[in-house]
> 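Questions regarding the structure given below will be posed in turn.
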Amino acid sequence: MTQAANKKPVNAPAVGNFIRAVIESDLRTGKYATRRWGGRPGPVSVHESAPADPARIRTRFPPEPNGYLHIGHAKSICLNFGLAAAYGGLCHLRFDDTNPEKEEQEYVDSIIASVKWLGFGWESAGESNLYFASDYFDFMYQAAETLIATGRAYVDEQTAEQMRANRGTLTEAGRDSPYRNRSAEESLRRFREMRDGRHAEGSMVLRAKIDMASPNINLRDPAIYRIRKATHHRTGDKWCIYPMYTYAHPIEDALECITHSVCTLEFEDQRPFYDWLLERLAETSVLPDGRAAATRLQRPLPQQIEFARLNLTYVVLSKRKLIQLVEEKHVDGWDDPRMPTLVGARRRGYTPEGFRLFSERIGVSKADSWIDYSVLEDCMREHLNEVAPRRIAVLDPVKLIVENYPEGGGEECFAPNHPQKPEWGKRAVPFSREMWIEREDFMETPSKGYFRLYPGNRVRLRYGFVVECTGCDKDSGGNVVAVRCKYFPDSKSGTAGADSYKVKGNIHWVSARHACATEVRVYDRLFRVPHPGAGDTDYLRDLNLDAKKVITAQLEPALREARPEERFQFERHGYFVADLADSRPGAPVFNRAVTLRDSWVKHGS
Ligand code: ATP
Ligand code: MG
């Protein structure tokens with residue numbers, strides 16, 4: 001396959017984008033050059049006497065361990081780790097595990113494996129830079145006490161309904177809670193009671209005291225701590241109050257000395273709170289009672305930068321929907337090759353390099369848009385074309401009998417492992433009297449423009465001989481069970497006289513005696529339509545029920561030894577991978593990753 005001129009090749013340098021522009025400007029002005037790094041996350045006390053941070057920038061990828069990563073996450077991973085690598089920085093992997101109910105170790109393990117699989121690491125100079133937000137719970141709690149002590153937070157005992165009613169609307173200011181002006185001492189006492197488990201879930205929350213009349217509703221005294229009597233997958237039952245995400249996230253960034261905190265657009269309205277919170281903590285070095293504040297944060301503070309999330313046609317990327325697909329068994333599990341999860345994509349035969357190319361090519365922007373699924377497939381094809389050796393597979397086999405070839409005889413033909421890479425050499429493929437060919441490569445009565453096998457016509461058996469079709473055998477139902485032909489012994493590819501045979505058709509084949517009959521799963525897109533569930537319909541009705549076809553194919557013998565995850569181009573068919581889970585030594589099972597060309601035809605919707 002040739003590269004279209006307007007497409008960047010696999011190893012092209014990164015293109016500019018607005019996030020890069022911000023980072024480059026910050027590096028020019030030395031905005032973050034004064035930061036110090038004490039070797040571990042922490043407030044200013046951990047860093048102030050340490051040397052300058054050797055990482056010029058720090059970014060982070062902050063998944064919540066409540067599901068498997070999907071293709072949207074891949075964009076965020078490639079972006080954050082890619083920026084760090086491009087500017088002499090570091091990217092942390094941080095589990096944002098502040099939500100006790102939905103999080104599990106299983107997800108933590110799978111996320112770590114997927115980020116590694118994409119080719120990224122977080123270790124540097126003996127520091128692992130793998131962090132858990134839950135490790136900061138003590139600090140977050142202390143920071144909340146600092147806010148209370150300095151009059152920046154209060155315990156609100158309104159009911160949820162009262163709070164909602166008093167929040168106001170886009171056009172109407174909110175109303176102060178009757179608890180808003182209680183003393184710091186009283187809030188502190190209540191907050192400690194909350195921590196000690198003395199109050200019921202939902203009976204009170206800790207709120208930041210900002211401005212109930214702010215035009216930005218997120219600044220109308222947002223809740224920052226709530227009571228949840230739940231067991232956390234890492235801290236167990238130590239806590240029965242948990243920080244809200246919008247409170248926890250900026251603190252996590254600041255403790256880790258993150259410089260550029262890249263997130264998706266829905267957090268844009270949260271940025272003022274992000275900045276407000278970190279400013280309050282950075283400016284507070286002494287508490288009203290004269291004690292030093294242990295929660296002071298190092299300046300300069302991290303900055304939040306938003307970009308548009310990836311929206312991809314023909315898939316769903318919402319965790320809720322992915323969970324439903326698995327739980328209702330519309331697919332065979334999280335790593336079903338049809339799933340848009342990274343574990344699924346990996347089994348499907350998609351490659352890390354393909355994802356990185358995709359992420360580069362779609363770029364980042366400030367405006368939501370849709371990327372067509374074919375862009376992802378193109379990226380996979382481009383990389384697979386580079387790295388996948390060619391092999392021969394007959395997916396819909398019918399016998400071809402070479403009548404004038406000796407029974408029991410055989411010889412070797414030689415097929416290149418990659419047409420554009422002669423240095424990859426050739427391999428022997430056995431030729432014999434009985435072959436498997438594709439059923440569609442024979443027509444008893446040819447249609448117009450059909451150049452393959454039909455009685456009287458000649459084709460080349462690719463890398464082998466020219467044959468002339470002499471007819472076919474049928475069963476009692478009229479189905480073709482074997483095609484017959486004779487071969488021309490002086491027409492063998494690569495021998496002196498071969499070129500004197502001019503034929504229009506060129507078909508692939510495998511010797512029946514040597515072939516390896518193998519399970520092949522022919523995968524297609526999981527949904528029939530670009531926007532599953534559009535117009536408030538049930539997205540499950542848009543499932544493509546033909547997205548998985550299991551067939552028994554006849555493969556050239558070399559494929560018998562394919563190792564799990566080894567990828568090939570099956571000539572004329574597409575790119576296939578030996579399945580990671582179901583392949584056995586000497587008995588691989590293959591999955592189709594992607595066809596050779598964009599052959600997707602829009603199904604009627
Ligand atoms: P949830 O609804 O559970 O929050 P989520 O998809 O946001 O789902 P997270 O684990 O919070 O899951 O995501 C980790 C990171 O990946 C976040 O920084 C988020 O912005 C980013 N991310 C998630 N989905 C996409 C997407 N479609 N495109 C780009 N980035 C994404
Ligand atoms: Mg999220």
Side-chain angles (χ1 to χ4, degrees), residues 17 19 58-84 91-104 106-115 118 120 122 130-134 233 243-246 248-250 252-253 256 258 260-271 274 302-326 334 339-343 345 355-356 358-373 375-376 531-532:
N17 64 47
I19 300 180
R58 284 183 191 259
T59 57
R60 84 285 172 269
F61 173 65
E64 198 182 335
N66 63 353
Y68 285 79
L69 297 183
H70 55 60
I71 299 172
H73 294 117
K75 174 177 178 179
S76 177
I77 294 167
C78 292
L79 179 62
N80 280 297
F81 282 92
L83 288 170
C91 181
H92 299 182
L93 175 59
R94 179 206 307 146
F95 288 98
D96 218 322
D97 57 350
T98 53
N99 224 339
E101 286 101 338
K102 290 186 267 162
E103 298 162 358
E104 286 172 34
E106 174 195 349
Y107 298 130
V108 171
D109 297 338
S110 145
I111 290 170
I112 289 176
S114 286
V115 181
L118 282 176
F120 299 108
W122 38 88
L130 171 69
Y131 301 114
F132 289 85
S134 54
H233 75 115
M244 303 297 284
Y245 179 86
T246 47
H249 202 87
E252 296 156 22
D253 285 344
E256 293 179 20
I258 299 302
H260 301 86
S261 176
V262 178
C263 64
T264 42
L265 278 179
E266 68 269 25
F267 294 104
E268 198 167 15
D269 292 344
Q270 292 288 355
R271 182 159 22 103
Y274 184 104
Q303 60 180 315
Q304 176 179 305
I305 305 173
E306 309 86 16
F307 72 103
R309 66 170 46 237
L310 169 66
N311 295 311
L312 196 60
T313 59
Y314 294 98
V315 295
V316 292
L317 294 179
S318 122
K319 273 182 197 161
R320 183 182 59 77
K321 290 177 182 167
L322 296 178
I323 288 171
Q324 190 181 11
L325 289 173
V326 172
W334 287 102
M339 284 285 274
T341 52
L342 295 184
V343 285
F355 276 113
R356 297 209 296 268
F358 175 66
S359 160
E360 220 19 87
R361 189 166 285 163
I362 60 178
V364 290
S365 86
K366 269 282 192 193
D368 270 314
S369 66
W370 286 86
I371 302 291
D372 195 75
Y373 198 77
V375 177
L376 178 64
H531 302 287

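Just so you know, residue 1 is the first one in the sequence shown, and it goes up from there. Numbering of ligands and ligand atoms starts at 1, following listing order.
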> For atom 18 (O) of ligand 1, which of the options Pro62, Cys263, Pro63 provides the nearest non-hydrogen atom?
Pro62

> Within a distance under 4.0 Å of any heavy atom of Ser76, pick out the atoms of ligand 1 and give their elements.
16 (O), 21 (C), 30 (N)

> Of the backbone atoms (N, CA, C, O) and the side-chain heavy atoms from C-beta on, which set of Lys319 has a member under 4.0 Å from an atom of ligand 1: side chain, backbone, both, or neither?
side chain

> Regarding ligand 1, does Phe307 bring an N or O atom to under 3.5 Å of one of the ligand's N or O atoms?
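There is no such contact.
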
> Could you tell me whether some N/O pair between Lys75 and ligand 1 is separated by less than 3.5 angstrom?
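The answer is no, given that Lys75 and ligand 1 share no N or O pair closer than 3.5 Å.
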
> Select the closest option to atom 31 (C) of ligand 1 among Ala308, Gly72, Ser318, Ser261, judged by heavy-atom distance.
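Result: the heavy atom closest to atom 31 (C) of ligand 1 is in Gly72.
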
> I'd like to know if the side chain of Thr264 and the backbone of Glu266 have a donor-acceptor N/O pair within less than 3.5 Å.
no

> Could you tell me whether a side-chain N or O of Gln304 sits under 3.5 Å from a main-chain N or O of Phe267, the two making a donor and an acceptor?
yes

> Are any of the side-chain heavy atoms of Phe95 and Pro63 separated by less than 4.5 Å?
yes

> Can you confirm if the aromatic rings of Tyr314 and Tyr373 lie within a centre distance of less than 6.0 Å?
no

> With no hydrogens and no angle check, is any side-chain donor or acceptor of Ser114 less than 3.5 Å from a backbone partner on Ser110?
yes

> Is it true that His70 lies under 4.0 Å from ligand 1, counting heavy atoms only?
yes

> Just to verify, what does Arg271 make a side chain to side chain donor-acceptor pair (under 3.5 Å) with, not counting sequence neighbours?
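If we apply the side chain to side chain donor-acceptor pair (under 3.5 Å) test to Arg271, skipping adjacent residues, the hits are Glu306.
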
> Measuring from the heavy atoms of Phe61, does anything fall under 4.0 Å of ligand 1?
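Phe61 counts as a contact of ligand 1 under the 4.0 Å cut-off.
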
> Answer side chain, backbone, both or neither: which part of Asn311 comes under 4.0 Å from ligand 1, heavy atoms only.
neither

> State, yes or no, whether a side-chain contact exists between His260 and Ile19 at a heavy-atom distance under 4.5 Å.
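Not in contact.
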
